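Notes for the one structure printed next.
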Protein chains: 2
Amino acid sequence: MKLKSIMVAGIVDDIRRIFQVLTEQSRKIEHKTNLTGPQLWVIKILKEKSPMKVSDLARRMYLHPATMVGLLDRLEAKGLLKRTRSENDRRVVFIDLTVQGCELEINSPEVVQNLLVSGLENLTGQELKNISGGMEQVVAILGAKDIPPQLIMSAEINAPKRRRKIG
Amino acid sequence: MKLKSIMVAGIVDDIRRIFQVLTEQSRKIEHKTNLTGPQLWVIKILKEKSPMKVSDLARRMYLHPATMVGLLDRLEAKGLLKRTRSENDRRVVFIDLTVQGCELEINSPEVVQNLLVSGLENLTGQELKNISGGMEQVVAILGAKDIPPQLIMSAEINAPKRRRKIG
DNA sequence: CAATAATAATTTGTGTTGATAAAATATATG
DNA sequence: CATATATTTTATCAACACAAATTATTATTG
């Protein structure tokens, strides 16, 4: 049982390291693309699933709707996404990536991605199979969490998130 | 050979998913701790290695020294880190986490961490061994990159990084 | 059906943070 | 002494973040 907990700790630590490398890379990308963290974050979310309503995006990012509008304005000005008013409900606005925005997302993580790909390609099929299986289990663990954590997201959504106080 | 590339793609995709979950979590933490992304980023770097010189921190985060000073001011005001002027070279200032800053870092990633730990603990020893081996290989791939990428970081460091232009 | 309430997005107003340049200060090194 | 280095100060601006009010639309209810 001791060995097991050590292995778990090691895995968690590895994940943390991977995360740090990726975060650092992400940060470089922000510089390279002239996008800020939150902006890149919007793009990534849209890459996952789009179109999305403005309110859904705000919820997903834990932001006040007004903040979201500002972010969208800037990204739209850069031609990375476009707004489309819904036909069914003329109050809602759908957000979509433009071709340009899509390309950006495709290009941006290339650095790490290429590194990973070329590194992985040097491994044997069996090694890849092991890694793949392991990753899927980790994803399952995290993914399981991704669904139920704040289920229906009732009341407190976009509740006046406590203002950041300093000093 | 076809299967191999598919597996590689799958692994890369899994890593991307893990990264997204962790980023989202990180974002929640920012809200909870009343810290911003860059601020939390400083804490994490210091957790990895401290004390660090102001200039080293700036390099590490690709920030202008003046930006770094501002960040440090705010974190110092919150009592999360402290400055200490070097004895050898009275120009340099060392940055260290305070107890409070250390505790914050310890507490903050607990959410995902606990989730991961409890999830992993349900796996068998063999499964853990596989995952562990796989993770280490990924870390090795990324780690190999972490060292040589911009080796000595000569001239262009903190060069007047192009100002973000909009519209 | 008309008045009212609720919802979705935006506008307006205000403040903080992040980011840089340029200059200043202090110290070290040739 | 002159030059380089490490940090800080000053000044400036964009970006982020929120509250409160506004507009447009949909849903409810009397």
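First the proteins, then the strands, lettered A, B, ... as listed; each starts at 1. Here the structure is a predicted model, which is why all the values come from computation and not from measurement. For the numbers below, each heavy atom of this structure counts, side chains included, while hydrogens, waters and symmetry mates do not.
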Spacing of [X] atom [atom1] relative to [N] atom [atom2], expressed in whole Å:
X: L63(B); N: dA21(C); atom1: CG; atom2: C1'; result: 15 Å
X: R74(B); N: dC16(D); atom1: CZ; atom2: C1'; result: 12 Å
X: N34(A); N: dG18(C); atom1: CG; atom2: P; result: 18 Å
X: W41(A); N: dC16(D); atom1: CH2; atom2: C1'; result: 16 Å
X: L40(A); N: dC16(D); atom1: CG; atom2: C1'; result: 16 Å
X: I95(B); N: dT8(D); atom1: CD1; atom2: C1'; result: 12 Å
X: M68(A); N: dT11(C); atom1: CE; atom2: P; result: 15 Å
X: M61(A); N: dC16(D); atom1: CE; atom2: C1'; result: 10 Å

**Report entry** Between CG on residue D14(B) and CE on residue M135(A), distance to nearest 0.5 Å
**Finding:**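 Atom-to-atom, D14(B):CG and M135(A):CE are 7.0 Å apart.
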
Query raised in the report: Are the side chain of Q137(B) and the backbone N or O of G134(B) linked by a donor-acceptor pair below 3.5 Å?
Result: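 No: the side chain of Q137(B) does not pair with the backbone of G134(B).
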
Query - R85(A) side-chain N/O to R90(A) backbone N/O, donor-acceptor pair under 3.5 Å - result: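 Yes, the answer is positive, given that a donor and an acceptor are paired below the 3.5 Å cut-off.
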
Requested in this report: Would you mind telling me which residue lines up with the more 5' stretch of DNA chain D, E87(A) or G70(A), judged by nearest nucleotide?
Outcome: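 Here G70(A) is the residue nearer the 5' end.
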
Report task. Could you list the residues that satisfy salt bridge (Lys or Arg N to Asp or Glu O under 4.0 Å) with E76(B), not counting sequence neighbours? Result ->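 Checked E76(B) against salt bridge (Lys or Arg N to Asp or Glu O under 4.0 Å); matches are R83(B).
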
Report task. Just jot down the salt bridge (Lys or Arg N to Asp or Glu O under 4.0 Å) partners of R91(A), sequence neighbours excluded, or say none. Result ->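 Counting only residues at least two positions away or on another chain, R91(A) forms a salt bridge (Lys or Arg N to Asp or Glu O under 4.0 Å) with D89(A).
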
Report task. Please indicate whether K129(B) has more than 12 foreign heavy atoms, meaning atoms of other residues, nucleotides or ligands, lying under 6.0 Å from its NZ. Result ->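 Counting neighbours around NZ of K129(B), 12 or fewer heavy atoms of other residues, nucleotides or ligands fall under 6.0 Å, so no.
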
Query raised in the report: Is the shortest side-chain N/O distance from T67(B) to OP1 or OP2 of dG18(C) below 4.0 Å?
Result: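 Indeed not, no polar side-chain atom of T67(B) lies that close.
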
Query raised in the report: With the sugar-phosphate defined as primed atoms, P, OP1 and OP2, and the base as all remaining atoms, what B/S/- string results for nucleotides 5-10 of chain C, 5' to 3', for protein heavy atoms under 4.0 Å?
Result: -BBSSB

